[in-house]
Every structure is written in C-alpha cells, then in structure tokens.
**Student:** 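What follows is a structure written as structure tokens; I'll ask about it next.
These numbers were taken from a predicted model, which means no experiment stands behind them. Chain A is the first sequence line, chain B the second, and so forth, proteins listed ahead of strands; every chain is numbered from 1. The analysis underlying the following values was restricted to heavy atoms, covering all of them including side chains, and did not include hydrogens, waters or symmetry mates.
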2 protein chains.
Amino acid sequence: MTALEHLLAHQHQTEALAQIAGRLGWDQETVMPRGAAAQRAEEIGALEQVLHARRTDPRLGDWLAAIDDGAQDHVTRAKLREIRRSYARAMRLPDSLSAELARVTSRAQGIWAEARADNDVAHFLPALEQVLALKRQEAAALSQGGEPYDALLDDYEPGATAASLAAMFDRMRPRLVNLRERIMGSGRAPAGITGHFAADHQLQLSRDVAERFGYDFRHGRIDKAVHPFSSGSGADVRITTRVVENDPFNCLYSTIHEVGHGCYEQAVDPAYGLTPLGQGASMGVHESQSRIYENQLGRSHAFTNWLFTHMQHLFGDAGAPNADAFYAAVNRVHSGFIRTEADEVHYNLHIMMRFDLERDLIAGRLHAADLEQAWNARFARDFGVQVDKPSNGVLQDVHWSVGLFGYFPTYTLGNVYAGCLMQALRAAVPDVDAGLAAGDPSGATAWLRGALQRHGRLNVPAQTIENACGFAPHEGPLLDYLDAKFGALYGL
Amino acid sequence: MTALEHLLAHQHQTEALAQIAGRLGWDQETVMPRGAAAQRAEEIGALEQVLHARRTDPRLGDWLAAIDDGAQDHVTRAKLREIRRSYARAMRLPDSLSAELARVTSRAQGIWAEARADNDVAHFLPALEQVLALKRQEAAALSQGGEPYDALLDDYEPGATAASLAAMFDRMRPRLVNLRERIMGSGRAPAGITGHFAADHQLQLSRDVAERFGYDFRHGRIDKAVHPFSSGSGADVRITTRVVENDPFNCLYSTIHEVGHGCYEQAVDPAYGLTPLGQGASMGVHESQSRIYENQLGRSHAFTNWLFTHMQHLFGDAGAPNADAFYAAVNRVHSGFIRTEADEVHYNLHIMMRFDLERDLIAGRLHAADLEQAWNARFARDFGVQVDKPSNGVLQDVHWSVGLFGYFPTYTLGNVYAGCLMQALRAAVPDVDAGLAAGDPSGATAWLRGALQRHGRLNVPAQTIENACGFAPHEGPLLDYLDAKFGALYGL
C-alpha cells in the first residue's frame, strides 16, 4: 500500500468511529435511560481516547510527508487539505490541555445550569475564569499569527477571521438597529397565534413538512429532545424536535431548521461517505441551510399561505383569522431577552454582541468579573431594553460554559450566507414562490442540493457559497431581504 | 503504575468500548433507519477492529506475565482469570481466520434467510460448508485437548464439555420423551386463548409486569424488535419485545424472559461495572435467569391466577373462561416444529437434537449434505412427527449460519440450572406462591438477586449455581418439576 492508501484507510476508520461518537450523543439526548449517564460518560471517554490517539498517530505525519498533494486529483487534494488541517491542529494541542478542558468544561456546564436557575452570576464566575484561562491557552497553542480568537474561530469556520467578521458586523448593525427601531415605532403590533394544538398532530405536521422539504426518512428519523439538534452524516442523519401545545411554531420551525441541517448531510455525495469531505463545509455553511429552510423558505408569505390552510384542516383552526394575520404572526417582531426565541430582525443583534464580548474576553480586554455589566450595557444600547435578570442576560446560553468560543458568529454568518443563496435561488428558480404556495419547496431544495449540498466539504466555506451563488458572499442580500420583508409587513 | 494497574485500566477502556458495540447492536435492531445498514456495518467493523487490537495488544501478555495472581484478593483474582482466559483465546485465533469468519458468516446469514424463505436446503449447503470448515479451523486453533467441539462450547459456557453435557442429556431424554408421550396420550387437549388484545394494552401490561419482576426503568427501556433480545450491562440494560394482537402471551412471556436477562445484568454489583466481572457468568447461567422468570415463576399456577384477573380488567376478557383454563392455556403442550414456539416439555428435546447434530458436524462424523436427513429422522424419533418442510426443520434457526456452534446446549443448561434454583428458592422463600398469586414476585427475585445475580462473573458458571443452590447443579430438579407440573395439568 502507498502512503496515500494507508492514510485514507486510517481516515476511513477514524470517520466511522466519529460517526459512532455522534450516535452515542444522539442516544444520550433521546432514548438513554436517565440512570445511565455516569456509565455513558465512561463509554464516551473511552471512545474519545481512541479517536484522539488516531488523530495524533505519528504515522499520519509520516504518510502526509510522503504525499505530493499536487500530483493528486482535486477530490483527493481536498481530502488531504482537511486531514492536514486536522492533524496540524491536533498536534499543536498538548494532550494535558485537552484533558483539562474536558474536565473543566464538564464541571462548568453543571455550575452554569445551577447559576442560571438561581440567577447567580457570582456562582458561575470562577468556573468561567477557569474555562477562559484554558481557552486562551488553547488559542495560543493553535494560533498561527493574527489575534488568538482567530485560532478558535477557525475550528468552526475555517478561513474566517475576527477582523473580517467584525468589519461585516459593524456594517450590518446600524441597518438592523434602524430596522428594529422603525418596526417598534410603526404602531403595528400583530397578534400571535392562539389556541391549543395537540402534540400528536404537531408531530404529524412536522413529519409531513419534513418530507416536503426533502428529508429522507429511509436515512433518518425524528425524535423528541429538550433542545432540538441534528446528528450524523451520510446514510444515518437524525433530527429532533420539541412540542409546546399552545405554540405549534416552536415544533414546526425547530423541525424545519433541523431538516435544513439534516438534508444537507443527507445530500452530500455518497462517494464522500466516511471521508473528511462527507459532511457540511463548516458551521456557518451548515447554518445557512437550516436558516434558509426555516426563514427564507419556511416563513415566506407563499409557504405560510399553504401552511395556514393545511393547519386549518389538521387542527380545525390555525390560530389566526386569515392567511395574512397568520403570516404576520409567524413573523412577529417583538422585543425579548432570549436569543433562541428571537425573530429574524433581532437575531443577528444577539449574535453580534456575543461576538464582541467573547472576542474581548479571549483577548483579555474584558474580564469575566465585568462581563455582566458589559452585557447589560450593550443590550440596552442595541435592543433598547434593560436586562431584568441574569437568566435573561449573560447566563442564558450554555456555550461559554462548555468552551464554545468562536462558535456564535457562525450563526450570523449562516444568515448572511442564506441571504446570498436566496438571491441566487430566486434567479435560478423563478417559480419558487408558486411551489411554496402549493406546499412544495422541492424546486428550491433541489437547487440547494445541486448547487451546494452535494459537494459536502469539497471546498472551503466561503468558496462553497461563492460556487453556489456565483458571487462572493456579503451581507447585502440578507439586509435587503429583511428590509423588504419587514418593511412590507410593518408598512414602513 | 504497576502492571496490574496498567492491565485493569486497559481492560476498563476495552469494556467501555464493548458496551458501545452492544449499544450499536441495539440501535440497529430497534431505531436505526433502514437505509443506514451498509454504513453501520462500516462503523461496527471499525469498532470491532479497535476491540480486536486491544484484546490482542502484546502489552497484555507483558502485564499478565508480571502479575502474581496468588498475591491478589479474590475479586482481583477473578478479574485476572477472565482476562487471562480471553487473552489466551484471542491470541490462539489467527487474525485472518477471525476476519474470514466475519466475512463468511455475514454472507451466510443472508443466504440462510433466502433458503428458509424458499424452503431450499441445497441453496444453503455451500455456505454452511464454508462456515463449518472455518469453525473446525477455529476449534482446532482454540482446542486445549479434548474434542474440538469443547473449544467452541467453552466460549459460551466455560468449563462445560460435550461429553458431560451428552451424558446429562442422555439421562434427561427418556424421561422427557416419556412425559411427552403420556401427555399426548392423556386425552386432554386444553384450548388456547382466544380474542383480540390491543397492542398498546399489551405493551402497557408488559411494562407493568416487567416492573413487578424488578426491571428498573431508570437503567433500562423496552422497545419493539422483530426478535426480542436484551442488551447492555450495568447502568444501561435494554430489552425488546414484540406484539401479536391475537396472542398476548407472545409479548408477555417474551418480555418476562428478557426481563430475566435484564434484571440479572442490572443486579450485578456496581463495583464490578466495566470490569470482566460486570456481566452474567455465562450463557447458561444467563438463560437460567430468563427461564426461571418466564417459566417457573411466570407460568406458575399462582402467577397466572393473578394474571387472569389482571388481564380481565385490562382487556375486558382474558381469553379463557376461568383461571384454571387460563393456566392450562398458558402451559398448553402441543406438538410443533419450531423451537422458539415450544412449550416447557418439548423445548429441551429440540435442543438435544441440535446439540447432537452440531457436535457430529464439527467432529466430521456428519456432513452438511446429510444434515437434513439426520434432522428429520431424529425429529420423527423424539417428537413422533414427520417434518413437513425445511423451514419447519433444519432451516428454522439462524444460529449455524452465523457460526454459533456450541451455543444451543446453553439453553437447556439454563433450564437445568433454573430447575435447581427453583428448588433452592422454594426452600429459602416458603411463601413464594403467595407473592406470585398477588402479582408480586419480589420475594423470589430478591432471593435470586442476593444469591446469584449480584455476583456477576465472580465465579465460574457451575460454581455460581452451586453457591446459590447449596448443591452442585444436576438435571433432577428440572425433571421432577416438569413431571409434577404437567402430571397435575394432564391428570397423569
């Protein structure tokens, strides 16, 4: 066997084991008996140790040194790009730091949950300090120049930098704040949906809509979980949802969001299965799929028209007097503290403040002890509202407790990418609204599959978007879309 | 770290990974999307390769050589006994043979399924010949003297030999054949149960009965599967069942059977978790628990009295006119071709013929080409009935296609052990029937937990039974129990 063959065979087994780790995560959040948690931690720990040993196996270095990437076809070169990247990162991280991070974040997550329940920031601060110290060490170990935050960001969005994101976010913020203020001053306050929507009918609707958006149940399934997520690649891609009986949009739009993630994974070329290319290109590109399914398609006027009629049939009452009121309810803009409940206008403002704060935390410009004050001041400025309690403010997200620094901006990057893709999609599929109005998004999803999803991780994130859209991604299309949609809804 | 510490730490990780492999098996049979089978095979293959490498790691040999077992406490000695045994077996098997067996049996299972569906023995024979040739090689590689079959048997029931089993079976057969003939000649033919029993009520009943028998849902769950099984050890022990709407006993007694397996695993001392002792002592001892729960307890007159009333409440009609007719229906003895549907009288006759045939196949005294004829002749002799088609005869069981030679006898060994345990249980818990009649088997299951289950694999199988019973296991108690129970039922 050549070095390349050895390398790819080794990688194949590693990818297969990584799929198993993902499946255990799914199991834990959906079907695992409650009393199995401690044993499961041991099992996952053992598997992670195997994966770590494989990812830092010194033979990888020997094989990689013996391979001339330039002599390979473009698919193999892409595989090598990913393997080289992952190996370099793994080798720069001391084993002791990885182990310490796992230990500290596992503990910090529990403390965060207690602190949030008690609205007690001080209880969380020592744990946050510990996590931050380790993440700064990690950033220093991984950094290849540039600011340390970039090294963390690179784990979720290869090629992105804090400076370029900050510049883009600074261009977006004034328009978003302005749009928000005009909406709030419009005097219009559409009603939300009202009524009771039986759980089993909600799940039936979700399954139906998932199929309409192209989710393939031969290679997937939907279960309930406390926090909806998607999991797995290739032939086994599972999603979860949740049900709130007086709010059917919670279940439905959670499902459409996860269906976007799931369809992306299901659509990747099977030839890339169990290779480094057999998954979404990045967190940002992944989020572009979940967001375009959920928002640009799922919350469109055309699709909500169909949904209104369909829900009238299913539940007897869709919770709104007519299709226009229903559309307004689906897209209601309202002030709120919680990111995960935010509408399309507010959502990115949430992300931008988290990005600025976490970037300052990693750089050491902001200390954990000053975080709450910084959060509340910034929230008042961007949202025009005073935070009432830490669980509605700095303690609302799990991310920092588990060490996810550099992850937040990929949500807004996903929205920006979704804006670009929707512009390109409208050009390529002129009758997209006719399909949506008939409850049939297949024209849109077929285009996304062909233009983007099937390529998996063949190209780096920004290139993946540019190849699909025909132009380099930028924030313009998203902002124009939001102005147009909410301008019409609020008569601005 | 000492050699012992290294060894036990290595073993801990191996046991954790083995639990993961078991969980993947559960997933595959219960929740896995149908289209995921090929990818799952890759995933399991990767994990099995990791496990194989760990079980044949040459450091095991170094550590074991450096340890003085006699200087250790009795629990550590038991762990070392199991690790030495497993390592010695793993080292005697050439890697190429293991790989070839995995490949050939995977293929043979598919061919067997086709052959059974088509009643075409000839279609299966070449695959069976291949499996047999490899199993003979395996037996030769593993054999430590004695007949080769013993080396295969030892994988499922350490310490058992073909000669000792054959001697016991030869003592049992005349009494069983005689009992069968007297029942068939008794002129009594009790009616089966009749009616329709809604699937969700059957599952509700099964969950209720599972809890009554001590199954702990904090550390387990029940799902549906085509072939019921139990899976996992320690804190995560899952069972499955199936539902046939006109035969509630199928679901109920499958469940109680698997509950016996599951309770055994759940009861093992948590201190043995993720060690070689943290599981049942052998297949035979495991089967003793599933059988005593299912038969000696679950099909007892006392418990069926409670069950009759309980099912009347749940279904409106228990399918029999009174409790005695219900008891007779539960324990109806009837001729039949299929092992898995056999009653307590016929079941062991099925096993004994399989044991004799597979022992001859491995020894080369019987050729695959002559197997069907040998099966049919033997069936006519022991059961008094001519086999009508191969799917009711030699093609009915999956075992041989997947290489499970030496497994069948552990079913009857389990019944023999269950007979011994029931005799000891009656002496230790005199009011066992009063509990069962109230739908409360906890007196019986508490005794089994304390006398046997909690010890896991601390002792070898026969010693495990002897410690619980106070006498060395033998076939007498089972045969006496069957004579008494069915003598009374059939007025013999």
**Student:** If we define contacts as heavy-atom pairs under 4.5 Å, which of B:Leu24, B:Ile20, B:Thr14 has the most with chain A?
**Tutor:** B:Ile20
**Student:** Under 4.5 Å from any heavy atom of chain B, what part of A:Gln49 do you find: side chain, backbone, both or neither?
**Tutor:** side chain
**Student:** For a salt bridge (charged side-chain N to carboxylate O under 4.0 Å, His left out) check, start with the C-alpha distance between A:Asp57 and A:Arg55, then their side-chain angles and the critical distance, and finish with the verdict.
**Tutor:** CA-CA 6 Å; A:Asp57 189 323; A:Arg55 287 171 176 150; over 6 Å; no
**Student:** Just so I understand: if I count every heavy-atom pair under 4.5 Å between each of A:Thr30, A:Leu17, A:Val31 and chain B, which residue has the most?
**Tutor:** A:Val31
**Student:** By a 4.5 Å heavy-atom criterion (distance strictly below it), what part of A:Val237 contacts chain B: side chain, backbone, both, or neither?
**Tutor:** neither
**Student:** So, B:His286 versus B:Tyr264, ring centres under 6.0 angstrom or not?
**Tutor:** yes
**Student:** Looking only at side chains, do A:Asp236 and A:His219 share a donor and an acceptor under 3.5 Å apart?
**Tutor:** no
**Student:** Hey, does the Lys NZ or Arg CZ of B:Arg207 hover above the aromatic six-ring of B:Phe217, less than 6.0 Å from the centre and inside 45° of the axis?
**Tutor:** yes
**Student:** Mind ranking A:Gly273, A:Gly234, A:Gly220 by heavy-atom pairs under 4.5 Å with chain B and telling me who comes out on top?
**Tutor:** A:Gly220
**Student:** Compute whether any side-chain donor of one residue and acceptor of the other, for B:His455 and B:Asp269, lie under 3.5 angstrom apart.
**Tutor:** no
**Student:** So, B:Ser206 versus B:Thr241: side-chain donor-acceptor pair below 3.5 Å or not?
**Tutor:** no
**Student:** Any idea how B:His6 and B:Trp63 line up, ring-wise: parallel (<30°), tilted (30 to 60°), or perpendicular (>60°)?
**Tutor:** parallel
**Student:** Using a cut-off of under 4.5 Å on heavy-atom pairs, state which of B:Arg218, B:Glu43, B:Glu42 scores highest against chain A.
**Tutor:** B:Glu43
**Student:** Chain B heavy atoms under 4.5 Å from A:Asp27: which part of the residue, side chain, backbone, both or neither?
**Tutor:** side chain
**Student:** Could you look at A:Leu274 and say if it's the side chain, the backbone, both or neither that has a heavy atom under 4.5 Å from chain B?
**Tutor:** side chain
**Student:** When heavy-atom pairs shorter than 4.5 Å are enumerated against chain B, which of A:Arg23, A:Arg238, A:His12 gives the highest number?
**Tutor:** A:Arg238
**Student:** Quick check for you: among A:Glu15, A:Arg54, A:Arg40, A:Arg34, which has the greatest number of heavy-atom pairs under 4.5 Å with chain B?
**Tutor:** A:Arg40
